[in-house]
Each structure stands twice: as C-alpha cells, then as structure tokens.
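Below is one structure, written out as structure tokens, with a few remarks after it.
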Amino acid sequence: MSYHFREIEAKWQRYWAENGTFKASNDSQKEKFYVLDMFPYPSGAGLHVGHPLGYIASDIYARYKRHKGFNVLHPMGFDSFGLPAEQYAIQTGQHPAITTETNINRYREQLDRLGFSFDWSREVRTSDPSYYKWTQWIFIQLFNSWYNRATDKAAPIGELVAMFEKGGNATVQAVSDDDTPQFSSREWNNFTSAQQQQLLLNYRLTYLADSEVNWCPALGTVLANDEIVNGVSERGGHPVIRKKMTQWSMRITAYAQRLLDGLAAIDWPQPLKDAQANWIGRSVGAEVTFPILPAEPHSPVEGEDLAIKVFTTRPDTIFGVSFMTLAPEHHLVAQVTTAAQSDAVAAYVAAAAKRSERERLADVNQITGVFTGAYAEHPFTKEAIPVWVGDYVLAGYGTGAVMSVPCGDQRDHDFARHFNIPIPTIFEGVDISEEAFTDKEHTIIANSDFINGLSYEKATKKIIEALEKQGIGKGKVNYRLRDAVFSRQRYWGEPFPVYYVDGLPQMIDETNLPLVLPEVVKYLPTETGDPPLGNAPQWAWDTEKLAVVSTSRIDDEHVFPLELNTMPGWAGSSQYFNRYMDPNNREEIFSDEAVQYWQQVDLYIGGIEHATGHLLYSRFWQKFMFDLGLVPVEEYAKKLINQGMILGTSAFVYRQEGTNRLLSKGMVGTLAVDPIHVDVSLIDASDELNIDALKSWRPEFENAEFIKEGQKFITGREVEKMSKSKYNVVSPDAICEEYGADSLRMYEMFLGPLEQAKPWNTAGITGVHSFLKKLWKLYHSGPDNSFHVSGPAPGTSTSASPESLKTLHRTIRKVEEDIQHFSFNTTVSTFMICVNELTARKCSSREILEPLAVLVSPYAPHIAEELWEKLGHTTSIATAPFPGFEPQFLVEDSKEYPISFNGKMRFTMDLPLDLSREEIEAAVMAHEKTQYQLQGRIPKKVIVVPGKIVNIVG
RNA sequence: GCUCGAGUGGUGGAAUGGUAGACACGUUGGACUUAAAAUCCAAUGGACAUUAGUCCGUGCGGGUUCAAGUCCCGCCUCGAGUACCA
C-alpha cells in the first residue's frame, strides 16, 4: 500500500472536525498556551501559497505545545469589514455582506485543506453584529474616559466632572486639546450643559473635533497616516489632500510615552520595535513663546495679545534666530498678517491648501514662502524678528510654527538664503556661509549673551532654566505621533453608537448595543456629500423606544440623527485577541475568569506591515482596557514573530520592439525589447516555455514568431511580489492536489528561515514530497507493502539497534531545540537525515517508529495521524506526549580529534568521547605526534573543546 | 538623508568563536526498464595533481584571538521602513 495523501488528508480533516480535536477548554488543569495568528481580510482572490506561511509556523508551534501537555488556544477568524467588498458593491450592487460571506467560505475551505489545528468554535468575524457590538462598547468606554497625568492612567469622565465642579480645570493634570480655555469651578457650574459637553470633548479619549485630515477624493474618505504611502493612498494609489473636517479621533497621544516604554518589556523583533519607536518619534527640547509686537497702524489685531508658540530641540541656538516661520495652516496666520501683506499671504495659503501631499513631496527642494509683515519679539534680546509663512513647516508637528535658526538648521538656511534673510552665526570657529552647522556634539556657542562658550548640553539646560524663570517657555517632550482619525466615510464598517442632540454627540446606552448597520439603497455618498449611511431609509435614534427608526420621523422631539460615518479597518482588530478567550459571551466582552485564565497571547505571528497600524493601535486599546481593570496585563502579546513574505518568481518573454517577434532569453542581446509577463504555469523546471500553451492562453501570440535558442524557448525569471497581474501566483489548492497538504506545510518551512523573505519555487517541493514517501515506506514492508512494525525480539527488551536508537534520540534533541528557536527549516533537514539513516538500516522497530510519528506530527499532521492509527492507537496523535530525549543513547565509542599547534600543524587521534577535559589534554600531550611536532618546545597550555578540536598553544 | 536588516557553491540555504557549504533543488554519470515515469546508487565550491594530496575560498580593507562566515573598526553593494519632524 503506497502513500495516498489525498485520501489520508481528507480522512483526518473530517475526523478532527467531527471530534472537535482542537477545541480549547477555558477550564483545564493544564498550563495554558495561547498561539495567535493575524486574522485575514477575506479578499476575493483567495489564498496564494504565501499567505499560509505564518499559519503553518504557528500551527507547528501550537501542535508541539499540545504534545508538551499544554492547554493550547489557537483560534482563527476574519477581519471582514473592508474596502474591496464595498467597492465591489458599488460596481455590482451586490451587498458587501454577501461578497464577504462567499469569500470567507472560500478562505475557510482553503484553510481547512491545509490541516490547521484551529479551534473554529471560537471563530470571530469583525462584521458580525455579535462581534462589533463589543467594538462599539469599547468606543463608548473610551468616550467616557479621560487621561489623568497625575496617576498616568485613564479614568472615568465622571471623576473629571467632579474635579471641575470643585476647582475648575486649572489644577487638573489631564491630557487635553491645547487650546482648551481655563475656567474656574464657578464658571464651570454656570456653563450650559451644551458648553460643558463641548468642553469635555477636549478631554475624552475619543472625541469629535475639527481636524486637518488626509482626504482621498477618489476613495471618498479620510485616511489615517499609516494608510498613506508616499503621499498616495495605500489602497489604489490615489492622491491625498489636506482638508479640515469634523471627525472622530482617538487620543492615542495620551499613551505615547507608555507605548514607547512598553516596548522594552516585550519580546518583539527589533526592527518592529524600532519602527514603532520611530513612529512615536519622541524628541526632547523646549517650548518657547514669542510675543507678536504691536503692529503699525493697519494691524487687524489691535489690542490683542498675540503670541506664537514654537517647539525646538535646539533651545541652545535661540540667539541665532533671525526669523520665524508658520505653517500655511497655522491658526494665527490671518491674524498676524498686516494689511499690506494680506493679499500675498492669502494667495500663498490658498495655493498651499490646493497642493496635494504628493505634489508637496515631489518638489521638496522648491523653496516657497511669504512675509506676513508682522514681527515677533525675541525673548532675550528683545529684537524684532520677522514672521514668515512657509510650507516647509508642517502644521501637524509640534506647534506648527518654528523659530528659524539658519546657521543651525539646513532648511532654515536654505529659506534664509532664498529670501535674503540675514544668517547670524552663533557657533565658535565654524563657517556657515555655505551650509548650516548641525553637529550637536561639537557645538561651542558664541554671540549668545549668557551662554557663550558652553556646549550643547550645558547651553540647553541654562536656556530652559531662564525660559522657565521668565515664564515664557519650558522644557518639553514632543511626540511625532498624532491622534488617530477614527471616522471613515464608508458603508462597510462598524457604525458608531452615537446620535446627535443639538449637534453634540451622545452615546447610545450600552444595553441597546449592537447598533446594527442599516441597509442602504446605494453604497456611494449621498448627493449632499454625506457618507453612504445617509442613504439608509431608516437611520435615526428614538430615545424613547431605544431603537432605530425611520428618518422621516426626525421632527419628533425624541428622535435624533445618528452618526453617518463608520469606524476604520483597525477598529475591529484592536481587541479581537481578547474576545477569542470568550467569544460566545453575550453578556460581557469576555468574562473575568476567561481573561484571568488566558491572560495574554504567548506567541503572535504576523506580518511586519502592520507595525505602525494594527500593532500600535491594539497596544493602545489594551493599555486603555488595562487602566479600566478589564484585562490583567498591559501588553497583550508576550512574543511576536514577523514571518517573511513568500515572493513569486515571474516569467517573461521578450518582444522585440515594434514587431511580433518573441525572443528566447539568450537571443535578446542588445536588441530593444519589451518584457512581457507570462503565466508561470506555462514554464517547466528548466525555464522552458510551452509555446502551444502560451498561444492558447493568449490568442494575440497566435501568429507571433518565436526565436528559440537551440531547440528551446527559454523565459527570463525575476523575483517579485505574488500578484494576479504578474501571473506568478501559485495557489495552495494546486499544490495540495499534486503533492498534498503535508508536503506543502513541510516545504514552506523548508524554504528558509521563517522571518526572511524568500521566493517560491515549486520545483523544489519534490524533495520534501519524496521524504514523506520514504517516511511512509519505513512503516510498510513486504511484497505488498503492508503495514509492518516489529515489536521487541523474544527474550529482549528492545528490538531497536543501538544505531537506530542513537539516530532517534539525536533527532529528538535537534527537533526540540529547533522548534524552541523557531528554526523550522532545519528541523525538516533533521527529519530527512533521520529517515535516510533508518531506511538504510531497514529499521522497523516500534520503539523507534512510534516516537518518530509524534516528532513529525506538528509538521505533517495527516500522515502522522494515519501512521498513529495503524500503530494501534484509538485516540488522536495530537495529544500524545512528546518523546523524551535520553542522552545515554548518544555516547559515541570514539571520535577523531584534529589537533593543531598555533593553527599550523594538524593531526588527528582517536579518543573515547567520555573522557574529561583534563584526561584528553593529558592524552594529547602524551601522544607521540605531539612530541614530534612540538620538537622540544614547551607548550603553555592545551585547549580542548570536546568533540571538536584540540589546540596546543606554544 | 535617517533607522534597521542582509551579503556563504549553479539555486534555496546549514554552521553555541572550533574540520565552512548540513539538508534539498538542479546538473552529470550509473543501475533497473523495450522505452518513459517512478525508484535506487555515485559525483558535484574553485585551481593544480587526479593515487596519496596540495593550495585558495563566506562582499572589500584592517583588527582582536591559539582559532573568525560568526566578535570589533572602516568601507562597498543590495533590501526594507521612514522622511521638509524644527
């Protein structure tokens, strides 16, 4: 009987599903272990061989941990809200829920075929109301919280209100909007309810505010910073412009320092931590206020005290300030501008607003700006400093204004030279006529009053002291991280649990969740520019009935409009890992018992592309939930591994320019050609093209002339990302059909280190496939290849030869080591060596073959289950104990020891392995070759590395 | 520009500071076949010698060490992320 992988795999997949083999219990005496994958967005294209790489690795680890006696939680679900389903709906009118359902079913089918040990009874889908109920619930908790700097954690908003009632906001240490006015308790108590609500929005952890957002006209929605790549949208590559809109935001900046500090405590890859640290962008410096000098006759700001606040990391260079620059979007631009300059400034600001992010990036080197006519007063010299507007200053960073020090900053230098602004120098012995001097380490300050002669550190310290004394500035830590815009003008996302009374947002009572996404007549925005939910015929909130009602009744005094935006893609993925702990709980997001038992994810595997998106937002939500006492740990994933991408190997034919001649790779030479992608399935292992297949695939080549080299037509190959448009996609279904899931699983691991990007090459799979065939043969013998393992020989306790035992135990040791280090690729090699050795010895001993099946089982679970059953077991191999390693089986009889003297002379000698280091040294010294080679010289010492090399140091 | 990775045969890749190239693909030769497929065996870093063997080899140049692919310093190349961040 030979290895029929198709039947075996189907049989065991059915068995696992029917028996609930991988169901995790929340009530177990075993130690817990939580292995998590990043759940996929079910796209219409289905899986290619690159997608399951991480799932295979996590599955191996999960299965290994089960063998080691752990209660393993290994769940899977779908991040099923998203743009493609909605775009498809816009084009075809098909409801996104239907598209999504179809795609999920397809994904599920493909995943099942690979034999993963997921506990599907815990499946979550972010687009399912029973799931997004809890996403909405967390949103409400965020709305009802503020961040207390004094205790450095989030707290209920009620506490803040109580503090305001008692003492106003002057003494409250809270994270809030910068332009929150100060008020006393008396003022607070006299405010109207609407005024109070408006003010509280400045403190809530999720808030509604007018903010400068990245608007993508083509997608008709705003985007978060991490959804923009090189100035265009990540999805679709559409231009993005800046626009002021009323949007929900998440006050993630409150957690900037904790998000940074938390990185130290978690075992995540360094590049990922670096990316997050970079994104948070902590920089230390000072905030300084420059008062605007009362301007001449035409000042539009007479009588008002205007001041410009700037952030700088170089307070030591404050005496080098020769102008100031505001971002075009800075809120004081219009107010400071003099009448004489107002037309020029207005024109400049308007032009800047029109430019897209992309255009701005494209001509980075073009220096533009305009003088406002206003002057600010230098805090120390009291000199008048001209105030300019320039788009090299970003509205979104710091205060949106800078003190410009042309001698110490290259951009300021460029700007000053362009507009003929003086460039005073404040550095000792440095020429700044051509470029700015930015080297902090070698700075000696000059021409700077009380800080002359000081270094960067000392000068900085002294300036900050002086600023604080005068009350015109202070030391400050600034973060690049921005609050995250949380509104999307889309249909296929979580609705906000929010309705509006007099324009002020109100939360729907928790008991009325979920607020279910309504049906709409069309998925595009309304004619008036409202988001797609504006098309819902029934979308208003009745505070009496506590239910959604028709918008036609909106004049009733208890019926209010609901929020029309939906939540962004990352909302649903920011807490799913905790929901898996208790996914069917209808009363709570998860029970306390469940979260106390599972605690946190022990191993999380996923792509690094989520570094500054999902992986940052989810840490933020977890910290918030920790502050509320809902979860016991502040970081949700102890260890994280980024699997590398599997790339495709595209194939090309070369068409000579302006002709219909296709050239074989070697015939191109110096001819001008267009490379054309051809489907990789038309190419054989030696890169030869099947010309007939090409002709029937692409009729346009029917009459093409094919220029071969010799008898063959060879294609060019290139490694690229797998994508439909490059015709280099390899589907796992085709591989499973031809070689089986076990072969695919092993081969994906064998391709190379898990973390590394690597190209797919189907040809190599024959290696692991024939390994599985050899493994199968080890358990089958005789003319009909029937199952046969031998028990102990009569009168002996073992049927295994010492050599085979040695092979087995060496394998156990190596496999265990490799799995613990996530070196899954070398494990596969170890299995191959093991099976080759056992085959050569014709080993059929149960004592060897039984543990071997368990060893292989995490990698190739189907064949392992089949062999396990044939070995006479009636329960799944999944919970069989992992074999123990016994060192005594590894003792060698003797071993050759190469010996070298000062690395020059070398000979070898046989020694027993179990000698101590001293005994080996003595034996080496007594050996006649040593005597001969040393020729009377006295060695200082003998260095012995047992089993390796002996060196004699002269 | 900044940050982080990585450079080892024809290819993917092995190697706690200790005999570099495990394992696999590919290639070549052989066995079995009428033939092919499948399977099995052998060779396979380079050069010289081809019997033993010798020399050179982990991007480049230095250094530490009895010993360096591995550690340190300085470069080069490639990749990823990020970027007018004051």
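FYI, side chains are in, hydrogens and waters are out, and symmetry mates aren't considered; it's all heavy atoms of this structure. Throughout, a chain's letter reflects where its sequence line sits, starting with A, and its residues are numbered from 1.
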List the steps and the verdict of salt bridge (Lys or Arg N to Asp or Glu O under 4.0 Å) for A:Glu457 and A:Lys440.
-> CA-CA 9 Å; A:Glu457 284 96 5; A:Lys440 280 196 260 194; over 6 Å; no

Return the value, rounded to whole Å, for the distance between atom [atom1] of [X] and atom [atom2] of [N].
{"X": "A:Lys774", "N": "B:C23", "atom1": "NZ", "atom2": "C1'", "value": "11 Å"}
{"X": "A:Ile646", "N": "B:G12", "atom1": "CD1", "atom2": "P", "value": "15 Å"}
{"X": "A:Asp274", "N": "B:A6", "atom1": "CG", "atom2": "P", "value": "13 Å"}
{"X": "A:Asn836", "N": "B:C41", "atom1": "CG", "atom2": "P", "value": "8 Å"}
{"X": "A:Tyr747", "N": "B:A24", "atom1": "OH", "atom2": "C1'", "value": "8 Å"}
{"X": "A:Leu775", "N": "B:A24", "atom1": "CG", "atom2": "P", "value": "14 Å"}
{"X": "A:Ile280", "N": "B:U3", "atom1": "CD1", "atom2": "C1'", "value": "15 Å"}
{"X": "A:Leu751", "N": "B:A14", "atom1": "CG", "atom2": "P", "value": "11 Å"}

Please state the [atom1] separation for the pair [N] and [M] - nearest whole angstrom.
{"N": "B:G10", "M": "B:G59", "atom1": "P", "value": "14 Å"}
{"N": "B:G17", "M": "B:C56", "atom1": "C1'", "value": "23 Å"}
{"N": "B:U77", "M": "B:G61", "atom1": "C1'", "value": "15 Å"}
{"N": "B:G57", "M": "B:U51", "atom1": "C1'", "value": "25 Å"}
{"N": "B:U70", "M": "B:U19", "atom1": "P", "value": "14 Å"}
{"N": "B:A36", "M": "B:A31", "atom1": "P", "value": "12 Å"}
{"N": "B:G69", "M": "B:C60", "atom1": "C1'", "value": "15 Å"}
{"N": "B:U44", "M": "B:A37", "atom1": "C1'", "value": "25 Å"}

Establish, with yes or no, whether the OP1 or OP2 oxygen of [N] is under 4.0 angstrom from a side-chain nitrogen or oxygen of [X].
{"X": "A:Lys758", "N": "B:G13", "result": "no"}
{"X": "A:Gln270", "N": "B:G5", "result": "no"}
{"X": "A:Arg411", "N": "B:C85", "result": "yes"}
{"X": "A:Asn478", "N": "B:C85", "result": "no"}
{"X": "A:Asn761", "N": "B:G13", "result": "no"}

Which residue lies more 5' along RNA chain B, comparing A:Ile608 with A:Gly400 via nearest heavy atoms =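 The 5'-side residue here is A:Ile608.
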
Take A:Pro759 and A:Val768, find for each the nucleotide of RNA chain B with the closest heavy atom, and name the residue whose nucleotide sits nearer the 5' end.
->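 Nearer the 5' end of the strand: A:Pro759.
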
Can you tell me the pairing partner of [N] across any strand shown, Watson-Crick or G-U wobble, with both distances under 3.5 angstrom?
{"N": "B:U39", "answer": "B:A31"}
{"N": "B:U54", "answer": "B:A47"}
{"N": "B:A80", "answer": "B:U3"}
{"N": "B:C75", "answer": "B:G59"}
{"N": "B:A68", "answer": "none"}
{"N": "B:G9", "answer": "none"}

Distance-only, no hydrogens or angles: does the [X] side chain make a donor-acceptor pair with backbone N or O of [Y] under 3.5 Å?
{"X": "A:Thr649", "Y": "A:Trp760", "result": "yes"}
{"X": "A:Asn728", "Y": "A:Lys721", "result": "yes"}
{"X": "A:Arg282", "Y": "A:Gln257", "result": "no"}
{"X": "A:Arg745", "Y": "A:Ala860", "result": "no"}
{"X": "A:Ser448", "Y": "A:Ile445", "result": "no"}

Report the nucleotide, chosen from [options], that has the shortest atom-to-atom distance to any side-chain atom of [X].
{"X": "A:Trp279", "options": "B:U82, B:A14, B:C4", "value": "B:U82"}
{"X": "A:Thr313", "options": "B:A86, B:A22, B:U3", "value": "B:A86"}
{"X": "A:Arg480", "options": "B:A83, B:G13, B:U39", "value": "B:A83"}
{"X": "A:Gln756", "options": "B:G13, B:A24, B:A22", "value": "B:G13"}
{"X": "A:Asn825", "options": "B:C23, B:G13, B:A86", "value": "B:G13"}
{"X": "A:Asn278", "options": "B:U3, B:A86, B:C84", "value": "B:U3"}
{"X": "A:Tyr397", "options": "B:C23, B:A86, B:C25", "value": "B:A86"}
{"X": "A:Thr312", "options": "B:A86, B:C85, B:A14", "value": "B:A86"}
{"X": "A:Tyr392", "options": "B:A38, B:C84, B:C23", "value": "B:C84"}
{"X": "A:Phe750", "options": "B:C23, B:C4, B:A38", "value": "B:C23"}

Base, sugar-phosphate or nothing for [X]? Non-hydrogen atoms, less than 4.0 Å.
{"X": "A:Thr830", "value": "nothing"}
{"X": "A:Gln410", "value": "nothing"}
{"X": "A:Lys814", "value": "nothing"}

May I ask you to decide if the ring planes of A:Phe415 and A:Phe419 are parallel, tilted or perpendicular, using 30° and 60° as cut-offs?
->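 Aromatic pair A:Phe415/A:Phe419 classed tilted.
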
Within 6.0 angstrom of A:Lys309 NZ, more than 12 heavy atoms from elsewhere = no

Measure the shortest side-chain to side-chain distance between A:Arg480 and A:Ile280 over non-hydrogen atoms and say whether it is less than 4.5 angstrom.
-> no

Conformer about C1'-N of B:G30 - syn within 90° of 0, anti elsewhere =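 Glycosidic conformation of B:G30: anti.
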
